[in-house]
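What follows is a single structure, written as structure tokens, with notes after it.
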Amino acid sequence: MIFGWTADRPAVHKRRMLQSLALASILLSSPGQAGGIAGVDVQGDRVVVRFDERVEGASAFLLDGPQRIALDIDGAQTGRFPFSPGNGTVAGVRQGQLSPERARVVLDLASPATLADARIAPDGKSLSFAIQGVSDSRFRSELGRGRMAFDAPADMAARPQKRLHSITVPIPPAARGVALPPVQGVNDGARPLVVIDAGHGGHDPGAINKDNGKREKDVTLAIAQAIRDQLVRGGRVRVALTRDDDRFLVLQERYGIARKMGADLFISIHADAAENTDAHGATVYTLSETASDREAARLAARENKADIINGVNLGGQSGDVSSILIDLTQRESLNISSSFARLLQREASPYVPFRSAYHRFASLMVLKAPDTPSILFETGYISNESDSAFLSSREGQQKIARGVAKAIEVHFARKLAMSGVAAGG
């Protein structure tokens, strides 16, 4: 059977996330150090969001069903302010607290529109942008472009505290942003997008088999490429790789790529290692702030240090990112992730040997995109002789690719069937 998938609007779980924001703003605490939202002024085609203190940065993206513009503002807290929608493009304004240091403002649109010329004032106390009316088709096209980020002016950066002792570590200047990878497969933007992440890379080899020298970074790249090729041949989804060569990406960049591209599914490919060389078989991990067992906690501790080289943290992210709470906006994504983990084991078992306890939970940084269903697939143990040979061989990589591709196809076929039932019911 051939399934014809469409995605005229975002996935159901993404549409529902905004419904939880009003409740989230009540449940989440609001520390007093960030800039409170003092007002949202809509004057013709210009919108100005005012704050009582400076903010750190912001990003915006479009949402459908109903049509709206979402603004995520770093260093902001929700506030109370009057709003009169008038007769313009903006029909209403809502707000919610996504995390202790990030607020969301949602503009409900009376007609399709996009935003342009977004800027944060030099003092960091206001965000302004233009609203441009567009056609429905243009709105859907802009919807697929994902999130647009705009940083606070550089002169707002807080001065570092003076220290009596310091160590200077030469680190190359951070790039302004990682270029998004090409999307491959069927040339149809309505098809689901799957982002495959080959773990480790560059100066981070990952786990290494001490007997044969096989490196995790090489194995994961070969498997990710095999999965991509299998999906492209199937012609039912679009696919992108976070890396297609031997390069290093910090963990936030990996799931950040998936979020910016609006991925419908994110799969991070890895190969496990253990002191016990008899340990073998594949495992699927999904996100939880509480590890399911000691081995899951060990894996999280090892993988989450991938950004730390010689004691220097290359992630450069604030503490709330590394200890993010699973809140209301993540729950449906987590449920979908767990459902796909079970489906992957069922569909790939004829091709890939799994451990008996194949589904585990861990606080893995690479899975912490709140609105993208995500799994980490430990395809086997590179420290085990037979697993290492399987993972390194073209035959083994092709088997893994077939199993993963089958699970992905069934996953999106299920979603299509469920959306059809919902539309008809």
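- Residues passing the salt bridge (charged side-chain N to carboxylate O under 4.0 Å, His left out) test with Arg402: none are found, sequence neighbours excluded.
- Contacts of Asp245 classified as salt bridge (charged side-chain N to carboxylate O under 4.0 Å, His left out), with partners at least two apart in sequence or in another chain: Arg247.
- Proximity of Val186 to Arg236: side-chain heavy atoms (C-beta onward) are nowhere separated by under 4.5 Å.
- Here Gln397 pairs with Ala222, Ile223, Ala226 under the side-chain contact (heavy atoms from CB on, under 4.5 Å) rule; sequence neighbours left out.
- The salt bridge (Lys or Arg N to Asp or Glu O under 4.0 Å) pairs that include a residue from residues 217-227 are Arg215-Asp218, Lys217-Asp246, where partners are two or more places apart or lie in different chains.
- When atom types are taken as modelled, the side chain of Arg355 and the backbone of Gly281 share no donor-acceptor pair closer than 3.5 angstrom.
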Just do the side-chain contact (heavy atoms from CB on, under 4.5 Å) check on Phe51 and Leu127 with the steps written out, would you?
-> CA-CA 8 Å; Phe51 314 101; Leu127 162 66; 4.1 Å; yes
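- For the residue pair Pro181 and Met261, the shortest heavy atom distance occurs at O-CE, 3.6 Å.
- Asp264 contributes a side-chain N or O that, together with a main-chain N or O of Leu193, makes up a donor-acceptor pair within less than 3.5 Å.
- Residues Leu71 and Phe129 approach most closely at CD1-CE2, 3.6 Å, considering heavy atoms.
- In this structure, CG on Leu115 lies 11.5 Å from CZ on Phe61, to the nearest 0.5 angstrom.
- When only modelled atom types and interatomic distance are considered, Ser374 and Thr372 share no side-chain donor-acceptor pair under 3.5 Å.
- A distance of 5.5 Å separates CD1 of Ile257 from CG of Leu249, quoted to the nearest 0.5 Å.
- Under the 3.5 Å distance criterion, the side-chain polar atoms of Arg102 are left unmatched by any main-chain donor or acceptor of Ala58.
- Using modelled atom types, one side-chain atom of Gln97 and one backbone atom of Ser99 make a donor-acceptor pair closer than 3.5 Å.
- Judged as a side-chain contact (heavy atoms from CB on, under 4.5 Å), and not counting sequence neighbours, the contacts of Asp136 are Gln67, Pro112, Arg140.
- With rounding to the nearest 0.5 angstrom, the CD1 atom of Ile267 is 6.5 Å from the CD1 atom of Ile227.
- Atoms CD and CD, from Glu347 and Glu409 in turn, are 9.5 Å apart once rounded to the nearest 0.5 Å.
- In this structure the side chain of Phe340 never reaches within 4.5 angstrom of the side chain of Thr286, judged on heavy atoms.
- Across every non-hydrogen atom of Ile69 and Ala113, the tightest pair is CD1-O, 4.3 Å.
- We find the OG-OH distance between Ser268 and Tyr285 to be 13.0 Å, quoted to the nearest 0.5 Å.
- Between the Thr379 side chain and the His270 main chain, a donor and an acceptor come within less than 3.5 Å of each other.
- Listed by chain and residue number, nothing satisfies the side chain to side chain donor-acceptor pair (under 3.5 Å) test with Arg346 (two or more places apart in sequence, or in another chain).
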Begin with the C-alpha distance, continue with both residues' side-chain angles, and end with the deciding distance and a verdict on side-chain contact (heavy atoms from CB on, under 4.5 Å) for Val55 and Asp74.
-> CA-CA 6 Å; Val55 297; Asp74 296 326; over 6 Å; no
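- Tyr358 pairs by the side-chain contact (heavy atoms from CB on, under 4.5 Å) definition with Arg342, Gln345, Phe354, not counting sequence neighbours.
- Looking at every heavy atom in both residues, Ala263 comes nearest to Val195 through CB-CG2, 3.6 Å.
- Across all non-hydrogen atoms, the minimal contact from Ser392 to Val219 is OG-CG2, 3.9 Å.
- A distance-only check finds no donor-acceptor pair linking the side chain of Asp64 to the backbone of Pro66 [under 3.5 Å].
- Taking CD1 of Ile382 as the start and CD1 of Ile208 as the end, the distance is 8.0 Å to the nearest 0.5 Å.
- Although no hydrogens or angles enter the test, the distance criterion places a donor-acceptor pair under 3.5 Å between the side chain of Arg254 and the main chain of Ala198.
- Here Asp45 pairs with nothing under the salt bridge (charged side-chain N to carboxylate O under 4.0 Å, His left out) rule; sequence neighbours left out.
- Distance alone, capped at 3.5 Å, is enough to place a donor-acceptor pair between the Glu378 side chain and the Asp272 backbone.
- Formation of a donor-acceptor pair under 3.5 Å by the Arg94 side chain with backbone atoms of Gly92 is not found in this model.
- In this structure Asp244 satisfies the side chain to side chain donor-acceptor pair (under 3.5 Å) test together with Gln225, Arg228, sequence neighbours excluded.
- For Ser126, the side chain to side chain donor-acceptor pair (under 3.5 Å) test picks out no residue, with sequence neighbours left out.
- The two residues Leu63 and Ala70 come nearest to each other via the heavy atoms CD1-CB, 3.9 Å.
- With sequence neighbours excluded, the residues satisfying side-chain contact (heavy atoms from CB on, under 4.5 Å) with Arg46 are Asp117, Arg119, Ser128, Ala130.
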Intermediate values then yes/no, side-chain contact (heavy atoms from CB on, under 4.5 Å), Val237 and Arg191 | CA-CA 5 Å; Val237 300; Arg191 295 295 180 97; 5.6 Å; no
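- Remark: side-chain polar atoms of Asp52 are paired, donor with acceptor, to backbone N or O of Gly36 under 3.5 angstrom.
- Between Ile375 and the choices Leu344, Leu287, Ile336, Ile269, the side-chain contact (heavy atoms from CB on, under 4.5 Å) rule is met once, by Leu344.
- Contact of the Ser339 side chain with the Arg414 side chain is registered, since non-hydrogen atoms from C-beta on lie closer than 4.5 Å.
- Applying the salt bridge (charged side-chain N to carboxylate O under 4.0 Å, His left out) test to Arg138 and every residue at least two apart in sequence or in another chain returns Glu142.
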Might you work through the side-chain contact (heavy atoms from CB on, under 4.5 Å) test for Leu107 and Thr89, ending with a clear yes or no?
-> CA-CA 9 Å; Leu107 307 181; Thr89 304; over 6 Å; no
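- A salt bridge links Asp72 and Arg104; the closest N-O separation between the charged side-chain nitrogens and carboxylate oxygens is under 4.0 Å.
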